[in-house]
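Treat the numbers as computed from the prediction; the structure is a model and nothing was measured. We're numbering straight along the sequence, starting at 1.
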Amino acid sequence: MLTLKQLETFVQVVELGTFEKASQRLNATQSTVSKRISELEQATGLHIFDRSQRNARLTEEGEQLLELAYLTIDSANKIRELNKQPESKLHRIRIGFTELTALTWLPGFLREYTLERPDIRLDVTIDMSRTLYQQFQDGELDLVVIPLVPEVFAQPGVETLLLEKVEMAFMARAGLVDGPRPLPISKLESYTLISQGKRSGFAQDVNRWISHQGMASPVQITDNLLALVGLVTAGRGISVLPKLCVQRFAQTQDLEILETLPQPPTIGYYALYHSGIRVSLLEEVALRLGKAADFTRPFFV
């Protein structure tokens with residue numbers, strides 16, 4: 001069995017040049033040092049020293065092992081120091097957000113939370129909600145902020161926290177859609193409907209609702225939210241978008257909110273995290289996310 005003591009003895013022999021000097025440094029007999037080196041060679045299956053000459057020399061395999069031994073001993077020393085410096089403990093949390101979060105409150109949250117909790121390192125991923133949820137299921141992310149997907153209810157060991165509900169609305173270039181307001185949904189059937197693709201959580205919810213209203217499925221698809229707004233601004237069609245957020249960052253682009261009967265549903269954004277030995281820490285982060293969540297204000301406006 002490979003042990004840390006074997007590696008430490010190996011390093012001492014190399015640094016001091018002889019088994020005898022290493023035994024003195026380690027306060028052990030020379031036979032003990034020799035035994036540890038033999039056990040190390042047996043455990044690794046490597047020929048570490050060339051003993052064919054008067055002074056033992058490292059083989060090429062021994063040189064490779066030496067580099068790894070230094071790294072292993074250094075890591076072991078850091079582990080030993082953990083309980084001596086509790087203030088320096090660093091918690092790493094892998095966390096995923098969608099584009100809408102990144103365009104609104106995420107930059108402010110990251111700036112403030114880094115100052116509040118220097119002991120927590122957030123490794124951030126920005127992607128479509130379906131991709132984030134798959135990474136969450138695969139254990140690649142510890143916490144995600146996404147529209148809630150139905151599969152969550154059937155998955156054990158997952159905690160959920162509602163952060164905020166996002167108001168949605170049909171939007172179009174000003175003057176594109178005629179008729180009195182509010183518009184019956186049926187009046188929009190003659191316009192091109194643009195949407196995000198299947199990897200978008202809120203797009204799936206909205207498209208499901210549109211289908212229930214008897215409208216045709218979207219005919220233009222883009223996964224990029226800003227590109228979607230750009231297409232609508234250019235008059236390429238209409239779309240269901242986060243109402244207040246898009247209204248604010250496109251207020252100079254002559255976009256119009258279309259009041260309809262019925263109105264599109266609100267979309268709930270949730271923090272999802274795994275229950276388990278880290279649940280207290282993840283719950284703390286989720287609650288802090290809930291305080292910061294504001295999907296109505298683009299960070300760059």
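Remark: D178 pairs with no residue by the side-chain hydrogen bond (donor to acceptor under 3.5 Å, both in side chains) rule, at least two apart or across chains. Applying the ring pair (Phe, Tyr, Trp, His ring centres under 6.0 Å) criterion to Y269, with sequence neighbours excluded, gives F295. In terms of the salt bridge (charged side-chain N to carboxylate O under 4.0 Å, His left out) criterion, residue partners of E8 (sequence neighbours excluded) are, by chain and number, R80. The salt bridge (charged side-chain N to carboxylate O under 4.0 Å, His left out) search around E189 returns none, not counting sequence neighbours. The salt bridge (charged side-chain N to carboxylate O under 4.0 Å, His left out) check on E283 picks up nothing, with sequence neighbours excluded.
Side chain of S239 to main chain of L241: no donor-acceptor pair is present (N/O by atom type, distance under 3.5 Å, no hydrogens or angles). The closest donor-acceptor contact from the side chain of Q6 to the backbone of R36 lies at 3.5 Å or more, if one exists at all. Using a distance-only test at 3.5 Å, with no hydrogens or angles considered, no donor-acceptor pair links the side chain of T192 to the main chain of G237.
Checking S34 against S31 by side-chain atom types alone, no donor-acceptor pair falls below 3.5 Å.
Minimum interatomic distance between R94 and E140 (heavy atoms only, all atoms of both residues): NH1-O, 3.3 Å. Between A172 and V177, the shortest heavy-atom distance links the atoms CB-CG2, 4.0 Å. Between H274 and L282 the shortest heavy-atom distance is O-CD1, 3.6 Å. When all heavy atoms of A169 and I257 are compared, the pair lying nearest together is CB-CG2, 3.9 Å. Listed here is the closest heavy atom pair of A43 and M1: CB-C, 3.8 Å. Between T101 and P107, the shortest heavy-atom contact is O-CD, 4.4 Å.
Using bins of under 30°, 30° to 60° and over 60° for the plane-to-plane angle, the ring pair F109/Y113 lands in the parallel bin.
A continuous path of Ile, Leu, Val, Met, Phe, Trp and Tyr side chains, each step under 4.5 Å between heavy atoms, connects L4 with L2, placing both in one hydrophobic cluster. Side-chain heavy atoms closer than 4.5 Å link hydrophobic residues (I, L, V, M, F, W, Y) into clusters, and following such links, possibly through other members, connects L225 to W105.
In R181, the CZ atom is crowded: over 12 heavy atoms of neighbouring residues, nucleotides or ligands sit closer than 6.0 Å. For E60, the CD atom counts as loosely surrounded, since its 6.0 Å shell holds 12 or fewer non-hydrogen atoms of other residues, nucleotides or ligands.
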Test side chain to side chain donor-acceptor pair (under 3.5 Å) applied to T296 and D294, step by step: CA-CA 6 Å; T296 68; D294 181 0; 2.5 Å; yes
May I have the step-by-step check of side chain to side chain donor-acceptor pair (under 3.5 Å) for Q12 and R25, ending in yes or no? CA-CA 8 Å; Q12 290 298 320; R25 172 72 64 82; 3.2 Å; yes
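Judged as a salt bridge (Lys or Arg N to Asp or Glu O under 4.0 Å), the pairs with a partner in residues 67-76 (not counting sequence neighbours) are, in order, D74-K78.
E112 and R288 are joined by a salt bridge, as a carboxylate oxygen and a charged side-chain nitrogen come within less than 4.0 angstrom of each other. Ionic pairing of R278 and D142 is present here: one or more N-O contacts between side-chain nitrogen and carboxylate oxygen are shorter than 4.0 angstrom.
Atom OG1 of T114 sits about 12.0 Å away from atom CZ of R121, to the nearest 0.5 Å.
The shortest distance between side-chain heavy atoms of I267 and W209 does not fall below 4.5 Å.
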